[in-house]
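Notes for the one structure printed next.
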Amino acid sequence: MANLQPVRGTHDLLPEDMRRHRAVIERARDTAALYGFAEMATPVFEFTEVFARTLGETSDVVTKEMYTFADKGGDSLTLRPEGTAGIARAVISNGLSQALPVKAFYNGPMFRHERPQKGRQRQFHQFGVELIGVPTPQADIEVLACARAILAAIGLAGRVTLEINTLGDTESRANYRTALVDYLSGHVDALSEDSRQRLERNPLRILDSKDPGDRQVVADAPALADHLTPAAADFFAAVRQGLEALDIPYEINPRLVRGLDYYGHTAFEFTTDALGAQGTVLAGGRYDGLIETMGGPSIPGVGWAAGVERLAMLIEDVPAAPRPLVLVPLGEAADKVALTLAETLRRAGHVVEQGYSGNLKKRLNRANRQNARAALILGDDELARGEATLRDLDSGEQTPLPLADPLPALAAYRPADR
RNA sequence: GCGGGUAUAGCUCAGUCGGUUAGAGCGCCUGGUUGUGGUCCAGGAGGUCGUCGGUUCGAAUCCGUCUACUCGCCCCA
């Protein structure tokens, strides 16, 4: 701890940041529940194998972005870089394959050792949804509709674009891969250095390259759409029809290829141009082979994850902090009355704050800074009469409040009634 | 992992050609008001000028270094 800076790429969520963060999560949570998803949580770290095997040994996330460390017993553990692998592991561990489908949503911190920049941190939060055990396009459609509804609830319906693509089934991808590699091999000289390496490891990713030279080559490359098996083509058509039936606008992006190896069939991203280079706000797809790859039964799945910080940056109607009632006791006798009065009011649902010290002026000043709705002044004069002075801080109006029965007069100041 | 930019008060930022006591606004504290907030007035606190080193009679200012932050690339939420 050379200084008191947080670790690079990590951030504190101060109360104001936290309200934005909470607003995103709460709306996502409420909406996901409407679609029949139930919240679950898995540990923030797993055996390294859980991620290494499923995400793809050659993927960037696995090769250079994982926080991996040795446990005292010598096991290799990794801070989760994403949520799906952990959920899939939990499905196997808990035998949930006996109770399909599993419809789960989750929220929590993820960790990737990347160079931080706008909208990208080393510890960040994802909200995600998984629908496991349904092989038909209904699942893809439901999961996309849920995503759309959540973004709408956050107020972003008009500010994001849905891009979708199909990666086809295993057979389609194998056919296409051969055709693509054949074509690209004839243009190796024109490819960027990165893409030359990708040609062997993961040629589909070249489709997504931003390198101008690559793009020229890719422009004339064979299309995945032309290599789909009839079953894969039908599947994608059904997904699109479902989106149209639900009036969910989308664009087909034939170059959309996800970075994790477990995806097949449907792949999608909701993007925005409001976040600089990090335009993706929510992304996912179908992962029919994932659970089997981990050593579980062959169970299909589809899901997505959203970046909570990215959504929090975009949200506009952030709920305000509740406006408290502030108690202002003046003197020792009043302190005692305030102690019990505060508790009485809180039990009745009021948000109650108390100045801890200072004279009347100082306390009112502080109450004002807390955006208090009203102050209850307890001085010797009031106490002698069995009253408090209720000062409405918006109007400045003052009225006596009977201490024996304070609740009726305060009813209008309860948070729910304002 | 690679490239660009930035670093002066709690925050946002000025700071001339290198010149001696480093400034503003906001915020904070005190007083004007011994029991009345917001507005106003007066005053006050708060700075190793990111680090280490160099050039110079003299460095916030010029050069190098390291660190941090930031934007972009790769990649991704």
Side-chain angles (χ1 to χ4, degrees), chain A residues 2-11 14 24 28 55-56 58-65 80-84 107-128 147 151 160 192-195 197-198 202 205 208-212 214 257-260 268-272 275-284 303-314 326 328-331 334 355 358-382 389-398:
Chain A
N3 51 37
L4 294 178
Q5 297 259 338
V7 173
R8 178 197 281 254
T10 65
H11 292 279
L14 301 182
V24 168
L55 305 187
T58 60
S59 68
D60 276 40
V61 169
V62 170
T63 54
K64 58 180 196 185
E65 295 174 5
R80 63 183 183 192
E82 58 98 54
T84 302
N107 147 60
M110 305 293 165
F111 307 84
R112 291 185 197 170
H113 191 104
E114 296 184 277
R115 189 77 173 263
Q117 55 183 278
K118 186 182 171 82
R120 172 187 297 167
Q121 305 168 200
R122 289 185 172 182
Q123 176 177 340
F124 61 104
H125 295 77
Q126 284 188 336
F127 181 96
L151 294 172
V160 295
S192 66
E193 199 181 316
D194 281 342
S195 287
Q197 293 188 0
R198 286 192 278 234
N202 191 349
R205 288 224 58 88
D208 210 14
S209 174
K210 287 175 192 164
D211 181 86
D214 289 350
V257 181
R258 313 273 316 127
L260 308 178
F268 53 87
E269 288 185 3
F270 283 87
T271 60
T272 172
L275 290 179
Q278 274 62 242
T280 304
V281 113
L282 182 156
W304 50 256
V308 175
E309 281 83 358
R310 290 184 185 177
L311 292 173
M313 283 191 280
L314 295 172
V326 172
V328 182
L330 302 168
N359 58 25
L360 179 59
K361 174 178 175 159
K362 206 179 284 182
R363 286 170 185 250
L364 281 178
N365 191 295
R366 223 176 285 142
N368 199 53
R369 283 201 313 259
Q370 293 176 83
N371 194 28
R373 182 65 187 83
L376 290 179
I377 301 167
L378 296 158
D380 292 340
D381 297 350
E382 285 90 346
T389 293
L390 169 61
R391 181 178 177 86
D392 186 306
L393 290 176
D394 288 344
S395 67
E397 210 173 301
Q398 299 196 159

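Source: prediction; values computed, not measured. Side chains are part of it too, since the values below use all heavy atoms of this structure and drop only hydrogens, waters and symmetry mates. Per chain, numbering begins at 1; letters A, B, ... match sequence-line order.
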*Would you classify A/Glu114 as touching base, sugar-phosphate or nothing, given that sugar-phosphate means primed atoms plus P, OP1 and OP2, and contacts are heavy atoms under 4.0 Å?*
base

*So, does A/Gln123 use its side chain to make a donor-acceptor pair with the main chain of A/His11 at under 3.5 Å?*
no

*Does one side chain, of A/Thr389 or A/Glu382, offer a donor that lies under 3.5 Å from an acceptor on the other?*
yes

_Is the phosphate of B/C71 approached by A/Gln117 (side-chain N or O, under 4.0 Å from OP1 or OP2)?_
no

_Consecutive Watson-Crick or G-U pairs in runs of at least 3, all under 3.5 Å, in which RNA chain B is involved_ = B:1-7 with B:67-73, B:10-13 with B:23-26, B:28-32 with B:40-44, B:52-54 with B:62-64

*Tell me which nucleotide among B/C71, B/A77, B/G37 gets nearest to the side chain of A/Ala283.*
B/A77

*Only counting residues at least two apart or in another chain, list the ones meeting salt bridge (Lys or Arg N to Asp or Glu O under 4.0 Å) with A/Asp381.*
none

*Please check if the side chain of A/Arg310 supplies one atom and the backbone of A/Thr280 the other of a donor-acceptor pair under 3.5 Å.*
yes

*Mark yes or no for whether A/Arg122, through its side chain, and A/Glu114, through its backbone, hold a donor-acceptor pair below 3.5 Å.*
yes

Short N/O separations, protein against nucleotides 27-31 of chain B, under 3.5 angstrom:
unit_1	atom_1	unit_2	atom_2	d
B/U30	OP1	A/Lys362	NZ	2.9

_Sugar-phosphate, base or nothing in reach of A/Gly396, heavy atoms under 4.0 Å_ = base

*Tell me which nucleotide among B/A77, B/G37, B/U70 gets nearest to the side chain of A/Leu364.*
B/G37

_Sugar-phosphate, base or nothing in reach of A/Leu393, heavy atoms under 4.0 Å_ = base

*asked:* Looking at every heavy atom in both A/Arg112 and A/Phe124, which two are closest together, and how far apart are they?
replied: NE-CZ, 3.9 Å

_Under 4.0 Å, heavy atoms only, any strand: does A/Ile377 hit a base, just the sugar-phosphate, or nothing?_
base

*Please report the closest heavy-atom contact between A/Pro116 and A/Arg8, naming both atoms and the distance.*
CG-CG, 3.8 Å

_Side-chain donor or acceptor of A/Gln370 paired with backbone N/O of A/Ala372 under 3.5 Å_ = no

*Of A/Gly307 and A/Thr389, whose closest RNA chain B nucleotide lies nearer the 5' terminus?*
A/Thr389

*Report the residue (A/Val281 or A/Arg115) whose heavy-atom-nearest nucleotide on RNA chain B is the more 5′ of the two.*
A/Arg115

*Checking all strands, does A/Gln370 fall into the base, sugar-phosphate, or nothing category for heavy-atom contacts under 4.0 angstrom?*
nothing

*Compare side-chain N and O positions of A/Arg8 against OP1 and OP2 of B/C69 and report whether any pair is under 4.0 Å apart.*
yes

*asked:* If you go through the side-chain atoms of A/Arg310, does one of them form a donor-acceptor pair with the base of B/C76 closer than 3.5 Å?
replied: yes

_Touch class at under 4.0 angstrom, heavy-atom based, for A/Asp394 against every strand present_ = base

_For A/Gly396 versus A/Arg391, what's the shortest heavy-atom pair and its separation?_
O-NH1, 3.5 Å

*Using a cut-off of 4.0 Å on non-hydrogen atoms, how would the nucleic acid contact of A/Ala367 be classed: base, sugar-phosphate, or nothing?*
nothing

*Round to a whole Å and report the spacing from NE2 of A/His113 to P of B/A77.*
18 Å

*asked:* Show the nearest heavy-atom pair for residues A/Val308 and A/Phe127, with the distance to one decimal.
replied: CG2-N, 3.7 Å

_Presence of donor-acceptor pair under 3.5 Å, side chain of A/Gln398 and base of B/G35_ = no

